[in-house]
Every structure is written in C-alpha cells, then in structure tokens.
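Everything below concerns the one structure shown next.
Order of the sequence lines fixes the chain letters, A, B, ..., with proteins taken first and strands second; residue numbering starts at 1 for each chain. Remember, it's a predicted structure, so these values are computed and weren't measured experimentally.
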Amino acid sequence: MSDRYLNLVNSPIGSAVASRVGLPHPAVLRRYKAGDPPLPGPAIVGSTAGAVPTALTTILTKAGIEVLDSLPEGAKVAAAVLDARTVASPGDLGGLRAFLQPAVKALAANGRVLVLGRAADGKNVGVDATRQALDGIVRSLAKELRRGATANLLWVEDEASLESALRFFLSGKSAYVDGQPLGLGAGEAPNPSDWERPLSGKTALVTGAARGIGAAIAGVLARDGAHVICADLTAAGEALAKVANRIGGTTLHLDVASPEAPQRLLDHLASHTDGLDVLIHNAGITRDKLLANMKPEQWDSVLAVNLESQLRINEALLGSDQLNAQSRVVCLSSTTGLSGNRGQTNYGATKAGVIGLVRSSAAAFAKHGASTINAVAPGFIDTEMTAKMPLATREVARRLSSLQQAGLPIDVAEAVSWLSSPGAGGVNGQVLRVCGQNLVGA
Amino acid sequence: MNTRRAAIVGGNRIPFARSNGPYSRASNQDMLTATLDGLVARFGLQDERLGEVAAGAVLKHSRDFNLTRESVLGSRLSPNTPAYDVQQACGTGLETVILVANKIALGQVESGIGAGVDTTSDAPIAVNEDLREVLLEVNRARSVGQRLKALAGLRPGQLVPSIPVNSEPRTGMSMGEHQAITTYEWGITREAQDELAAASHRNLGAAYERGFFDDLLTPFLGLARDQNLRPDSSVEKLAKLSPAFGKQLGEQATMTAGNSTPLTDGASAVLLASDEWAAEHKLPVLAHFVDAEVGAVDYVHGDRKEDGLLMAPVYALPRLLARNKLTFDDFDFIEIHEAFAGTVLATLKAWEDEEFCRRRLGLDGALGSVDRTKLNVNGSSLAAGHPFAATGGRIVASLAKMLHANGGGRGLISICAAGGQGVVAILEGAK
C-alpha cells in the first residue's frame, strides 16, 4: 500500500509545512531499476592508510563509477568510500572524522557512505577496540544522514566478494539497508559474465512465493536470470500461478511443514531440474499471542513452518545429490528475532532460531562445494500483513527507522538476490538486516 | 509409417464446484483460461508455442464459437499456438486427449493440450423459438410497413426463454430417467449404488488428505477442493435420500441425488508431448497414451436393457482389449466414469454376464470381472462432480499420476456420453 505521508512531505506544500513544524521528512528512496548504473554520480574514495589500494579503485572504475580523490568544488558526490582497514589505535580514528566530515556535507540525496574495516580478531586489545569503534561510527552516522542516504560497514577479511558487495551497497538495490555491518570472508565468488543477470542459468526455489515478500523475491531472482520454482501451499495456488506466469517460472504446491516435504522437494528437483542452485526459505506464518495466552497449537505451528521445515529441508538437501556446488541458501529471519516483539515469543523463537541455524550450518554448506547460507532480517516492510494494522500503529512503525519509512518487499528481495548471486560466495553464515536502521532493537 | 506413443506429462484442473456455487459468475472461457494458465505455471510454458490445444464444452454459448482459441489467446501460452473446439458430450475431454495424442503419434505435432470445460451455472439461454422467428422476420423486412407487420406477431408468451435441458432430443427423456431404466433392467440394487457412492467420497477425501491433488489442481475463485466432496459420506446417510429418477418405478426406484452426479462447473487440461519434447523441456513423463476406441448404441430403437443410453462403453471396451490383446488382469487401475452409480454397476454386470457377452459382444464367454480394489481408487465423478467436458481430463491426469507412482503398469478409462456414445482408452505408466 502507498505511504501517503511520504508522498505528502515530498510535495512542495507538504515539504514546506513538514520542515517548519519539525515533522519527519522521509525521502523517496533510490531503488534499482534494470539498466541503472551502480551509482548515479562520482564517488570520493579515501583510505586511513593514505593511498587508496589500487584493487579498490579498479573495482569501482570497472563498475563505471567515477573515482575522485578530492571533493569537487560546489558539486555533489553520490558516495563516500573509506578504506579503514588499517586503523590500529584510537588516534587513527580521527582520520575517519577528517575524511567523512566534508564528504558527508557533499553527499547527494540517496548518497552512500561505505566504510571498509577489519573485524576484531582477539590478537591485540588496542587494535580490536579501534576496529570495533568503526561499528559505532557507522551506526551513528547512519542515524545522522538524511534524504535517503545510508551508511554501512564491510568487515573485509577476504576480498573474494568485495567487488560484488561494493556494487550492491552502492547501488539502489541496498536502498533500505542502513547502519549495518556485514562480514566478507573467503569463498568461491566468481564474477558473473553479465552483472545485469548474475543468476543466468541458475535454478532457484522460493518457498511462500504466492504473495508479499516471497513473490517479490521470486520476481527479482527471475529478473536476475534465474529459473524460479515458486513454491507455496496448494490453497495459495491461484495467486502462485499468477506469480509464476508473471515472472516466467514454475509452480510447486508444497506444504513445507509436512513430513513428506523434504522428499517431495527432492523428487521434484530430480524430475524437473538439473539440481538446485538457490534456495530461499521464505515461507512463514504468525500466530501472535502474549505468552500467557498462547495455545500449544499456535506455538507448534509457527515453530514447524518457520524453523523446523528449514532444518529438515536443509538436512535433506545436503544429504542428496540435488544441491549443486556453489549453491546459495538464504533464510528469512526478522528484526523480531534480533530485538524481540511483544506477542511474538513463538515467532521470535523461530526468527532467532534461523540465525542460529545459519551460523551453525555455514561450515557444512561451505564444505558442500563452497556453498553458502545466510539470513536476511527484514524490519518493517509494507505488505498485505502490515496493511491490516491499525492506521496509527502503522504510521508510527513506519517512522521508527533512520529512513523514516517502511521498506518495500522489493528491498528485501534485492538483498536476498544479491546473497544468492555467485559473487556473494564470500558471505557465509551472516545476517543482513533490511530495516532502514530500525530504531528498535540491536 | 512410423508412429510413436504420446507421453502424458501432467495435468491441471480447477476444483469442481456445484452448479450456481462459487463459479456461478465464471464463464467457460474464464474457467478454461484459468485452467490453461495453471498448467502453464506448473510446467513453465509461458510464451511456449505448442502444437495445438484441443478443448470443448458441452453447454456452449453461440458467442463461444472459438472457445478454445479465445482461451489460448487469453492465456500465457504463445499466441501462435493453434486451437480448435471439440464436442462429444461427456466424451469431449477424453476425445480431445485422443486427438492430440494421435497427432503426436503421427509426428504431426510435438506437444499439445487436451482440455474440457463446462458450466451449468452460466449456461446459454436462447430466446423462445416463436420470438426468434418473429425477430428473423423483422430482420428480413425491407420496408417500415413490413417491419411493423412482422413486429405485430409479438406475443407476451414469447418472452419465456428457451432454457437448455439435460435431455435426449430423440426421446425427450433426461439422462437420469434413461439410466433409471438401465439400472432397473440390470437389477442393480440401491445398496450397491450407495456403497459405490460412499466409496467414491471416501477415496477422493483420502486422496486429498495425502496430497494426491497437490500437483493436479490449482484453486480457483477461492475454492481449493471439489465442493461436492463429502468425506464423511456413508451408506447409512445415503440410504436416507429419496429417489430422484425413475419415480414411475415406485418401490423399485433406486437412483437418488446421492448416487447420481450433481450438475457441476469446472475445467481440466492435460499436457501431452513426444518423449523428446518432454526431455528437452526437462519435464517428466508420467504415462504413455496407448490406444482408444469409441462406441455407440442405438438407445432410441434398441433393446430396453442392453442398449441403454449410457451403455456404449460396454461394447467399445471389448474391441479395444481384443485389439491390444489384453484382459482386465493386465490392468493395475480401472477408471469408470461415475455418471451414476448405476451406470458403473450395470456396465460391470454386463461384462460379467456370460450369455450377454456371447450374444451381443461376440465373445466366447464373459469379458470378465473388474477387481474392485482397482476401481476408481482415488474417487470419481460421484464425489468430485462432473462438469461434462472436464471429466475426461480429470481422469487422464489422475490416472497418469497413479501409474507413475506405481512405477508403471496399465490403466483403463471408460467414459459414457449422451447420444448413446462411449469413449474408452488405455494408458501405460512410465517408469
């Protein structure tokens, strides 16, 4: 559903009124459209070490981004990229302030601040404290940025996925990812022959694909070149067929919580595909009740659909010959799993459980032909479900993020599709929040 | 000439709805288009040019002269897919499958869809025959005077529309009344009919419960299961119903609304292809289409017992079995369309009647008994309902899936049709 407040404050009169009385001013976000360049303008690039590594400049230049080493007089930049991997003592952090202060002032609407750091490794307390400080800087800066601009942090342990990550975070695909750190490690992360269709030739399966976020994920995976098997309950088959026909995919009626689901899935893959490359565990239900009033069946059904099904299907796939090498699994978590939510002890259990699942099984997937498994945790996303919320609650919830608006299903889908791409092979066992830096929780 | 067996890749249908129920405002074209689109979605046929789509409806509006082609154009199939309409009463659905399978067998097409649809809710209503004559006269008139003269022929009684009736033009009797005679003549008991009806509901309900239809249907207009299905149906409950047909038989009347199929709306479609086409599209082959035979009886002038309106399969099947050198024992599943429980039971009884089989079928003895554990094991029309032209596709797709799950084997289909016709066919499961 449309965000009337966002539309209003972006009209000439609404904008004037909102700024005078100090109302929130959500921006119209720059979202990716097919054919868009990764960045609509130049990027200022710096390094706490002085010279910017050539590898970094090369990646950006190859993506068609104009790289500047000093700010242009009176002109805006679309992004500020700072390589802070060398910071080792608190005194080094002043370099961030020195670089970011003028850069942020010159940042265009929907600009991107991207900081590259290294994660603390327990070897030296001074170094670790300094490295961890980057997280606080980026999260705080993200809350200061306005007009749709975002700030994010990449913990770069290995550069395998650096190119792919830079392209994602600078582009409109990351519009609703804000104030987030993400770890980049080693892995098989081949660049696609066509960055516009990174999933070309891949077979993907999305559970819960009939509507909402699942339908959006199926659409983006198809746009990125994958053949998408859209799975959902038989009862949702009418909507599911429309999704599949819109995106050129196929349907599979599957109740993921049923005991036969893993075997039925394997049978379908064996008879209809050359193996699975991408699996998106999106199917999920809510049965909200305060713990005091929760019935066993409300508890059990949410656990069965949102968590147990994922465990059983992953186990079956890893033990079969139907999961291809360098496959990608993305599980839908939720900010509820990170920060909790009143009335959602059952749902919160599953969404936190998914994070545990992802972290714990990353090694097993890495062993399976350098595959990966990650989670995406959406924040407040406008869907049919949130459309049913009371108006006031919805309006408040929408503004409770740094971007002062709800995300769209497409925002979640873009993050999922990026984590599903070959180039993201260095991202494994991670949780990426797509929440506009939701002010609630971690 | 070299021929090959057509492969049955799969099917799709919408749940069948009771007349004037959830689909009451859906036209044949709406239902057929949705069914084709569900098939397209299941097998990824978007923008695919198929060899042909053959489909039909028994109750059809005159505006639907190109029903199938219009449905293809409204679907996600390539608009370059040709289509044509078929009408053979309740045999329509199976006949479309035979036609497409034969073209594949001859190498004329590589892929195609056989389908059928019917609505008894959105049925065509024609103007009164007298009114039609007046209107045509007005149309022929060349002057105002002639027109006025023709219009003077209008009478209030002509406003009564001509509503289609489920009756045979040559006898004026409904199908149910015809079957009531056959049921009586063959001595089929009320209990046997109610048992068959209860089994149909029980089997169909169980099939839904174990997810048998998950890859055979796509919900439509909010309906996800056949509306007529009563899984808790029982012989005791069915025994309480009053006779609906053959009331002139008095105490001997046995046919009720429970052991007869209700008027139903729905559609079904079957995807057929050559083995090569299926492999190229990475699609499974469930079964192969082996052979078919169509028969007809002279129900107008023939014997009251042996030439009943719905008895044609009795005569068609022995010819099909003989041609393929098969007996009932060679089949794993036998699907006999349940127009009425009495139809199925009279048909089975005729095949078991040694004297009848010698005299009328030219056999050495009885054709044989059908093992009832192989009969309609996932339910049939008594439970699912019977949207006339859609029944053939329902049976073909379900049987093909059963054979595939069985790891092979043979299946037999028998469908009776108005006009004293009957269509029978053999499928062989793919491993």
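- Chain A forms more heavy-atom pairs under 4.5 Å with one residue of Pro219(B), Ala224(B), Gly222(B) than with any other, namely Pro219(B).
- Here the CG-NE2 distance, from Leu283(B) to His272(A), works out to 5.5 Å after rounding to the nearest 0.5 Å.
- For Asp214(B) and Arg264(A), the salt-bridge test passes: some basic side-chain N is under 4.0 Å from an acidic carboxylate O.
- One finds the CD atom of Glu238(A) at 11.5 Å from the CG atom of Leu217(B) (value rounded to the nearest 0.5 Å).
- Heavy-atom distances place no part of Leu45(B) under 4.5 Å from chain A, backbone and side chain included.
- Using a 4.5 Å cut-off between heavy atoms, Thr273(A) contacts chain B through its backbone alone, with no side-chain atom that close.
- Taking OG1 of Thr251(A) as the reference point, atom CG of Asp37(B) lies at 11.0 Å (rounded to 0.5 Å).
- The line from OG1 of Thr234(A) to CZ of Phe213(B) is 11.5 Å long, rounded to the nearest 0.5 Å.
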Given side chain to side chain contact (heavy atoms under 4.5 Å, CB included), test Asp215(B) with His253(A) step by step and report yes or no.
-> CA-CA 6 Å; Asp215(B) 56 359; His253(A) 293 170; 6.0 Å; no
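- Within a 6.0 Å radius of CZ in Arg4(B), more than 12 heavy atoms belonging to other residues, nucleotides or ligands are found.
- Interface remark: Asp274(A) contributes backbone and side-chain atoms alike to the contact with chain B (heavy atom separation under 4.5 Å).
- Atom CD of Glu276(B) has more than 12 neighbouring heavy atoms from other residues, nucleotides or ligands inside a 6.0 Å radius.
- The candidate with the highest count of non-hydrogen atom pairs below 4.5 Å against chain B, out of Ala236(A), Gly249(A), Ala235(A), is Gly249(A).
- Between the side chain of Gln46(B) and the backbone N or O of Ala244(A) there is at least one donor-acceptor pair closer than 3.5 Å.
- With a threshold of 4.5 angstrom between heavy atoms, Arg42(B) approaches chain A through its backbone and through its side chain.
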